[in-house]
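Scroll down for the structure; my scribbles are underneath it.
Each chain gets a letter, A, B and so on, in the order its sequence line appears, and its residues count up from 1.
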Amino acid sequence: MELLRAELQRVVADLGVSDVDITLERPAESSHGDLATNVAMQIAKRLRRKPRELAEEVVARLDLSSAAISHAEIAGPGFINFWLAGSVLSEVLCDVLHRGENYGRSQEGIGRKVNVEFVSANPTGPLHVGHGRGAALGDAIAALLEATGHSVTREFYVNDAGVQIDRLAESVWARVRQAVGREAEIPEGGYHGEYLQELAQRILTEEGAEFADLPEAQAVERCRAIAVESQRAEQDQTLAEFGVEFDVVYNESSLYEQHRVTDTLDELGGRELTYEKDGALWFGTAAYGDEKDRVLRKSDGSYTYFLPDIAYHRDKAARGFDRAIDVWGADHHGYVNRMAAAMKSLGAGEDFFQAVLVQLVRVMRHGEEVRFSKRSGTFVALRDLIDETGVDAARYFFLMRKGDAQFVFDIDLATRQSDENPVYYVQYAHTRMAGIFRTAQMDPRDVTTDGVDLSLLSEPDEQALVKLIAEFPTTVSRAAGSLEPHRIVVYLEKLARLVNGWYHRHRVVGVGADLEHARLVLVRAAQVVLANGLTILGVTAPERM
RNA sequence: GCGCCCGUAGCUCAACUGGAUAGAGCAUCAGACUUCGGAUCUGAGGGUUGGGGGUUCGAGUCCCUCCGGGCGUACCA
């Protein structure tokens with residue numbers, strides 16, 4: 001493909017146009033060949049000539065055989081369609097078997113350090129399904145970036161300072177006193193979930209009943225520490241069950257301890273980006289693409305949430321990351337511009353900060369919506385979802401859709417063990433490949449292309465399968481480039497469809513030694529690609545189901 | 001009011017970043033098996049891509065404008 005691109009570049013340059021990006025793509029229609037280009041149409045206007053006429057000339061000047069093309073055709077308004085030489089398909093299979101689990105990986109991002117921050121749930125309660133979507137998406141984005149050679153750090157930011165944590169501590173304290181029969185109310189804006197009653201019980205058991213007699217300030221302080229720690233531990237455990245592990249857990253409180261907040265304030269002041277107005281300190285983000293300037297320090301002297309967040313992202317740059325990707329709930333989208341503006345004003349590159357937004361998840365069960373609200377405590381917990389659907393189904397479902405599309409999680413569908421459930425469909429294709437090797441009584445890793453006549457894979461559906469397998473690396477790099485794991489899902493479902501169809505029509509074991517060898521190579525290649533794709537998604541590729 | 005996201009088959013969603021006749025799954029209907037695991041396969045029907053205008057060889061995709069949904073719009077976090 002690169003050979004053809006170079007060859008086209010040369011011919012187009014001969015025609016007098018040098019600065020054109022040659023786009024080569026796989027036509028949707030197989031009668032349009034294996035590859036197609038629109039260069040003739042692109043340059044037609046500049047050369048003031050007819051596209052089809054130019055296409056003729058381009059084809060005439062091409063040295064097809066050096067680009068492994070069997071023949072070319074001109075079609076439609078001026079497309080040039082190419083058919084690959086048969087040898088190309090054999091090379092694809094050799095490549096897949098040779099590279100194994102590395103097939104699809106590339107070095108595009110080599111030397112680039114990327115920080116992917118996701119979930120970052122407040123330590124005020126259990127994770128809910130929205131966090132699950134963020135976790136699956138962030139983890140898959142990180143995996144995609146790794147697959148393209150980036151050096152990736154998965155990071156979780158803990159808001160362990162600030163007003164919400166105060167409310168949490170007060171809520172726990174109220175539950176403790178209620179538990180020993182006293183009058184106490186959950187404060188305004190506090191947390192009503194039952195999990196805090198359980199926590200209060202545990203505190204009384206572990207600390208003794210006299211805990212309820214501690215002076216208010218001291219008790220709330222203890223409640224804060226215990227609550228944050230226990231919520232964090234529970235979140236980590238849920239995430240671990242979900243197959244997500246973080247390289248760095250970053251506490252907001254450490255920003256204060258290490259004076260990064262005040263340092264940031266100093267730097268902004270030094271760069272003359274801030275000013276006083278109405279007794280507050282403002283940050284001139286409007287000059288960098290934000291809709292308006294923002295307050296950093298309120299007139300009562302306390303900081304807004306924005307300031308520690310700037311300090312945090314400034315620290316990401318200081319730690320040597322070339323990019324900082326944040327996976328946020330879509331309800332924070334109003335925050336994107338100001339953070340981007342802040343980083344730009346501090347001299348970070350234009351593409352340093354990037355937010356990926358996930359729409360909140362709506363959950364349906366038995367045909368009706370299950371409402372969840374963190375404050376009232378009646379949300380759908382991620383843990384419950386995992387228990388019901390299993391990790392594979394939950395992760396797969398979260399990744400099926402673009403992150404910024406609204407998404408309805410149908411619990412009934414995800415828990416159904418039938419062909420209506422897409423995750424099983426893909427896994428099943430993999431299982432079937434494994435089943436063939438069981439029947440053949442051989443280790444799939446022993447499959448080799450040595451001495452195998454791959455031209456025997458002449459059935460149309462076999463050719464189509466190899467061509468799709470050949471697209472996997474491009475699919476991975478595109479998905480990584482756009483930070484869209486759902487592209488892998490779409491690809492896998494298409495691949496599984498071809499695999500299952502082929503499997504149904506053709507046999508492998510017992511069709512005669514030569515053909516059997518050739519088909520075993522194809523089976524192995526399909527198995528490898530299915531597994532590699534599922535691995536990026538964080539979904540298992542089972543041998544049996 | 002202003003800003004961002006979204007609107008594609010009955011339902012849930014794709015569409016290779018502007019390409020050729022807009023595709024899958026589910027649901028519906030009609031078929032296939034003495035199977036290397038039927039959690040399968042083959043086929044059919046189903047569309048003015050929310051409406052209208054524009055940009056160009058070419059628009060679901062870009063621009064404008066309406067309509068509808070979601071979210072944001074704090075000296076909240």
Across the strands shown, which category fits A:His430 at heavy-atom distances under 4.0 angstrom: base, sugar-phosphate, nothing? nothing
In dot-bracket, 5' to 3', how would RNA chain B read with Watson-Crick or G-U wobble pairs under 3.5 Å, [ ] for crossing ones and | for pairs to another strand? (((((.(..((((.....[...)))).(((((.......))))).....(((((..]....)))))).)))))....
Could you work out the separation of B:U61 and B:U17 based on their C1' atoms and round it to a whole Å? 8 Å
With respect to the side chain of A:Tyr503, which nucleotide from B:C36, B:C75, B:G72 is positioned closest? B:C36
Minimum-distance nucleotide (side-chain atoms of A:Glu25 versus B:C41, B:A77, B:G19): B:G19
Under a 4.0 Å threshold between the charged nitrogen and the carboxylate oxygen, would A:Glu516 count as salt-bridged to A:Arg507? no
Any side-chain to backbone donor/acceptor pair from A:Asp392 onto A:Thr540? Under 3.5 Å, distance only. yes
Considering only heavy side-chain atoms of A:Thr431, the closest of B:U40, B:G37, B:A77 is B:G37
Does the distance from a Lys or Arg side-chain N to an Asp or Glu carboxylate O, for A:Arg167 and A:Glu188, drop under 4.0 Å? no
Nearest-neighbour nucleotide for the A:Ala280 side chain, B:C75, B:U12, B:A39 considered: B:C75
Indicate yes or no: does A:Glu484 engage A:Lys402 in a salt bridge with an N to O separation below 4.0 Å. no
Would you mind classifying the nucleic acid contact of A:Arg297 as base, sugar-phosphate or nothing, using non-hydrogen atoms under 4.0 angstrom? nothing
Per the glycosidic torsion and the 90° limit around 0, nucleotide B:U34 is anti
When A:Arg487 and A:Asp293 are each assigned the nearest nucleotide of RNA chain B, the 5'-most assignment goes to A:Arg487
Taking the basic N atoms (NZ, or NE/NH1/NH2) and the acidic carboxylate oxygens, is any pair closer than 4.0 Å for A:Asp443 and A:Arg445? yes
What's the closest nucleotide to the A:Arg478 side chain, out of B:A20, B:U12, B:C16? B:C16
Determine the interatomic distance between C1' on B:A39 and the same-named atom on B:U8; round to the nearest Å. 29 Å
Ignoring hydrogens and angles, does a donor from either the side chain of A:Thr304 or the base of B:C75 sit under 3.5 Å from an acceptor on the other? no
Reckon A:Tyr335 touches a base, only the sugar-phosphate, or nothing at all at heavy-atom distances under 4.0 Å? base
Taking the six-membered ring for Trp, is the centroid-to-centroid distance between A:Trp282 and A:Phe306 below 6.0 Å? no
Separation of B:C6 P from A:His333 NE2 (nearest whole Å): 11 Å
Take the protein atom CZ of A:Arg52 and the nucleotide atom P of B:A20, then report the distance between them rounded to whole Å. 16 Å
Check every strand shown and say whether A:Ala44 touches a base, only sugar-phosphate, or nothing at a heavy-atom separation below 4.0 Å. nothing
Considering just the side-chain nitrogens and oxygens of A:His486, establish if one lies under 4.0 Å of OP1 or OP2 belonging to B:A15. yes
Reckon A:Thr23 touches a base, only the sugar-phosphate, or nothing at all at heavy-atom distances under 4.0 Å? nothing
Establish whether the base of B:G72 is bridged to the side chain of A:His332 by a donor-acceptor pair shorter than 3.5 Å. no
Closest approach to the side chain of A:Arg507, judged atom by atom: which nucleotide of B:A77, B:C36, B:C41 is it? B:C36
Check every strand shown and say whether A:Asn159 touches a base, only sugar-phosphate, or nothing at a heavy-atom separation below 4.0 Å. nothing
What nucleotide among B:A20, B:G37, B:A77 has an atom nearest to a side-chain atom of A:Val163? B:A77
Between B:G19 (C1') and A:Ile80 (CD1): distance, integer Å: 14 Å
Quickly work out the A:Met339 CE to B:G72 P distance and round it to whole Å. 18 Å
Determine the contact category for A:Val508: base if any of its heavy atoms lies under 4.0 Å from a base atom, sugar-phosphate if only primed atoms, P, OP1 or OP2 are that close, otherwise nothing. base
Would you say the side chain of A:Asp166 and the base of B:A77 hold a donor-acceptor pair, judged only by whether the two atoms sit under 3.5 Å apart? no
On the nucleotide B:U40, are OP1 or OP2 found under 4.0 Å from the side-chain N or O atoms that A:Arg432 carries? no
Inter-nucleotide C1' distance (B:A59, B:U21), Å rounded: 16 Å
Contact class for A:Gly435 vs. all strands (heavy atom < 4.0 Å): base, sugar-phosphate, or nothing? sugar-phosphate
Categorize A:Ser302 for me: base, sugar-phosphate, or nothing, with a 4.0 angstrom heavy-atom threshold over every strand shown. nothing
All N/O contacts under 3.5 Å from nucleotides 55-63 of chain B to the protein, with atom names and distances to one decimal?
unit_1: B:C57; atom_1: OP1; unit_2: A:Lys45; atom_2: NZ; d: 3.2

Below the 4.0 Å mark, does B:A74 have OP1 or OP2 next to a side-chain nitrogen or oxygen of A:Lys298? no
Tell me whether A:Asp34 is salt-bridged to A:Arg26, with the criterion being a basic N under 4.0 Å from an acidic carboxylate O. no
Separation of A:Arg26 atom CZ from B:G19 atom P, in whole Å? 13 Å
Return the nearest nucleotide to the side chain of A:Asp331; candidates are B:C75, B:G72, B:A77. B:G72
Honestly, is A:Arg478 close enough over A:Tyr491, meaning NZ or CZ under 6.0 Å from the six-membered ring centre and within 45° of the axis? no
A:Lys402 has a side chain; which of B:C75, B:A14, B:C16 sits nearest to it? B:A14
Tell me what A:Arg505 touches on the nucleic acid: a base, only sugar-phosphate, or nothing, going by heavy atoms under 4.0 Å. sugar-phosphate
Check every strand shown and say whether A:Ala36 touches a base, only sugar-phosphate, or nothing at a heavy-atom separation below 4.0 Å. base
Looking only at side-chain atoms of A:Lys292, point me to the closest of B:A15, B:C75, B:G72. B:C75
Span that lies between the P atom of B:G51 and that of B:C33, in whole angstrom: 44 Å
